[in-house]
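Remarks on the structure that follows.
Chain identifiers are assigned alphabetically (A, B, ...) following the order of the sequence lines, protein sequences preceding nucleic acid strands; residue numbering begins at 1 within each chain. Heavy atoms only: backbone and side chains are in, while hydrogens, waters and symmetry mates are out.
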Amino acid sequence: MQTTILEVNELRTYFPIRKGILQRTAGYVKAVDGVSFRVNKGEVFGIVGESGCGKSTTGRSILQLIKPTGGEVIFEGQDVTRLNEEAMRRLRRDMQIVFQDPFASLNPRHKVSKILEEPLLVHGFGTVRERREKVAELIETVGLNASQLERYPHQFSGGQRQRIAIARALMLRPKLIIADEPVSALDVSIQSQILNLMQDLQQSFQLTYVFIAHDLSVIKHFCDRVAVMYLGQIVEMADKESLYSEPRHPYTKALLSAVPNPDPEGPRERIILEGEVPSPANMPQGCVFHTRCPMAEERCRHERPVLEQTSHNHAVACHLYASPAV
Amino acid sequence: MAQTAAKVQTVIQPPVFTNPWSEGWRSFRSNKMAMAGLFMILLFIGAAIAAPYITTFDYKEQDLMGRLQAPGAEHWFGTDDLGRDIFTRIMYGARISLWVGFSSVMGSILIGTLLGIAAGYYGRWVDMLISRGFDILLAFPGILLAIAIVAALGPSLQNALLAIAVVNVPVFGRLVRAKVLSLKNEEYVTAARALGMRNGRIIMHHILPNCLGPVIVQGTLSIATAIIEAAALGFLGLGAQPPEPEWGKMLSDSRQFIATAPWTVIFPGLSIMLTVLGFNLMGDGLRDVLDPKMKN
């Protein structure tokens, strides 16, 4: 029986838009608007979507790096949104994050040895010697050399820096790692190295990943289950095989059709979406996707579809698949 | 055979593990103007330290028979209206000016950085309170505010120093606040929070060290203005009191002799100019090194 490690219920993160000299709240940017999902222990859960759809905000809201406006984030049976600062601080050793840009996520003034030792230090692990040993051990684990510990981040390449960032996240032996586009800032040739490293580490450290990406082929390579986000909402969530073989939501279909096909003889059926993504400050009525959906009906303009299980391990938020309106 | 082997052998350079400071020093050294500034400052620091050893007179010693002597072998920079040796007074005056410059700016940096970090990091009402306080201080022209403070506390070197420090606090406060605001959104600060660091550690280890560049640059430039302000207060009789050999005071005491004994004004004036120029040149050089983005 699979155990749930992370459960997100109706997560909402709104950013107020302030106007005028009085800083009156004129509205909200609804970056994440009612997202729910469960992540099982040991699986890789992918979140995919285009820029600005709220996937990174979702990741950061789970870790309380951005305070969510509403909803629950239940990590191992504990609602982390209700924890006080100190309890949250202690819980952070179990849930870590790897950021997108390894050039920004490492403090340029700290040597690698300090970057890696700091998490142990702040959580009061061991003696100086024990900490050093652990740092040396982990840097080898991520494929770097202990002799490189006395260097500064700018003396490493992007891929090496991302390895350092991964090592830092692993220092505290977390159970869950939120990987916020960990490879999209890297060269394609390096991407697979980092992905393989993350896969190896998942085995040896028994990790659970929430893997955020915009690259569908990376997701396909890496994830067990995938959620597709659009404008702060999950429009489709399914097993990887099911999602890639029979996408249901029109948005997912369009996304998948945009993945380049290396076979020149292969079928090519690109669905080109019209128009722009609506502003999350001014969300459309009804289905968030209806403004661009080639199959939109009258109902889609008024009524927001909910995420519904259409088959085993496949859920979609679209009226085309839902039971008829009552 | 051995010869060819030696030729083939390539020189493998050992990897240089540089830290940001030594790299900075290397690029500072190649900046001629900055090095000239540093040289001027070192000259005056040397003068201040060595004053008792290189001067043969006492800076307070009056010699009314030998007043207003032109520069010569005995009195290198001449004597003033009370017959005191101007060279000696300039040497000792360097102590006062540098002391005022360094200590007042140190005070401003300390208080300004503290307030700036509090305002930038904690935001909200803390920011409102502190930033409006800075605005109020900046609403007055610096020297006027300094005069007001000294007038209220009574004229003395200590109070002049305090006044200059207060005037410069918002300069550093705003600088640090702006830097903290941008650093707060850096991903490595978010990463530090994600690792479970407390605010105190984030500030001390991640925010403060990355604020120091612009603060050092501004500090160097502010020493120059602090020296000018101290001289101005001295000139107005609000700073160092006689017989202290303060350069600004020396200028104001001798200004009636500017036509008959120009050396009494030229040397103190030149000293002020050179120290200020030295700090300005060095500050500009430091800015190029530490803060390339501010270059224009």
Side-chain angles (χ1 to χ4, degrees), chain A residues 23 56 59-60 62-66 85-112 114-124 147-155 161 164-165 168-172 174 177-178 180 185, chain B residues 12-27 121-129 131-132 135 179-180 182-216 289-293:
Chain A
Q23 298 288 290
S56 287
R60 285 168 198 223
I62 291 171
L63 290 176
Q64 308 294 301
L65 294 173
I66 299 170
E85 208 171 307
E86 186 57 27
M88 188 61 218
R89 203 181 71 77
R90 276 198 225 108
L91 191 72
R92 289 195 186 282
R93 65 167 73 165
D94 288 334
M95 36 200 323
Q96 274 302 314
I97 181 165
V98 175
F99 292 96
Q100 171 178 9
D101 183 359
F103 289 85
S105 65
L106 305 174
N107 189 333
R109 290 192 184 273
H110 288 182
K111 288 179 181 170
V112 176
K114 178 165 184 184
I115 290 173
L116 295 184
E117 192 191 344
E118 221 174 7
L120 297 176
L121 201 68
V122 294
H123 287 280
S147 66
Q148 293 166 317
L149 280 172
E150 295 308 301
R151 296 199 198 171
Y152 288 88
H154 73 265
Q155 293 166 315
R161 283 163 171 242
I164 295 167
R168 174 176 65 184
L170 286 174
M171 285 314 299
L172 297 164
I177 287 188
I178 294 187
D180 186 359
Chain B
I12 299 163
Q13 293 249 322
V16 193
F17 300 137
T18 53
N19 73 51
W21 295 109
S22 68
E23 252 168 60
W25 169 239
R26 197 165 310 136
S27 90
Y121 194 79
Y122 292 102
R124 296 160 181 259
W125 64 268
V126 183
D127 186 21
M128 275 295 271
L129 202 73
S131 292
R132 292 301 83 75
D135 289 348
K179 189 78 188 159
V180 170
S182 75
L183 286 174
K184 206 166 67 164
N185 292 321
E186 285 286 339
E187 220 153 55
Y188 58 81
V189 174
T190 314
R193 276 208 296 143
L195 287 167
M197 286 181 210
R198 292 193 179 89
N199 284 336
R201 189 179 175 88
I202 293 176
I203 290 172
M204 292 307 291
H205 288 254
H206 294 270
I207 301 230
L208 190 61
N210 286 294
C211 286
L212 282 184
V215 169
I216 291 171
V289 171
L290 295 173
D291 211 13
K293 270 172 251 157

- Query: Which bit of B/Asn199 is near chain A, if near means a heavy-atom gap under 4.5 Å: side chain, backbone, both or neither?
  - Reply: side chain
Testing the basics here: between [X] and [Y], what is the closest heavy-atom pair and its distance to 0.1 Å?
{"X": "A/Ser105", "Y": "B/Ala191", "value": "O-CB, 4.1 Å"}
{"X": "B/Gly196", "Y": "A/Arg89", "value": "O-NH1, 2.7 Å"}
{"X": "B/Ala194", "Y": "A/Ile97", "value": "CB-CG2, 3.5 Å"}

- Message: If the threshold is 4.0 Å, N to carboxylate O, is there a salt bridge linking A/Arg60 and B/Glu187?
- Response: yes
For residues 205-214 of chain B, which side-chain donor-acceptor pairs fall under 3.5 Å, sequence neighbours excluded?
{"from": "B/His205", "atom 1": "ND1", "to": "A/Lys114", "atom 2": "NZ", "distance (Å)": "2.8"}
{"from": "B/His206", "atom 1": "ND1", "to": "A/Asn107", "atom 2": "ND2", "distance (Å)": "3.1"}
{"from": "B/His206", "atom 1": "NE2", "to": "A/Glu118", "atom 2": "OE1", "distance (Å)": "3.0"}
{"from": "B/His206", "atom 1": "NE2", "to": "A/Glu118", "atom 2": "OE2", "distance (Å)": "3.1"}
{"from": "B/Asn210", "atom 1": "OD1", "to": "A/Arg109", "atom 2": "NE", "distance (Å)": "3.2"}
{"from": "B/Asn210", "atom 1": "ND2", "to": "A/Asn107", "atom 2": "OD1", "distance (Å)": "3.3"}
{"from": "B/Asn210", "atom 1": "ND2", "to": "B/Tyr188", "atom 2": "OH", "distance (Å)": "3.2"}
{"from": "B/Asn210", "atom 1": "ND2", "to": "B/His206", "atom 2": "O", "distance (Å)": "2.7"}

- Message: Here's a test for you: under side-chain contact (heavy atoms from CB on, under 4.5 Å), which of A/Gln96, A/Met171, A/His123 qualifies with B/Leu195?
- Response: A/Gln96
- Most heavy-atom pairs under 4.5 angstrom with chain A, which of B/Met197, B/Arg198, B/Glu186? B/Arg198
- Which atoms of A/Ile115 approach chain B - backbone, side chain, both or neither, heavy atom under 4.5 Å: neither
- Would one find more than 12 heavy atoms of other residues, nucleotides or ligands at under 6.0 Å from atom CD of A/Glu86? yes
- Query: Just wondering, more than 12 heavy atoms not from B/Arg124 lying within 6.0 Å of its CZ?
  - Reply: no
- Item | Flag side-chain contact, heavy atom, 4.5 Å: A/Leu63 against B/Arg193 | no
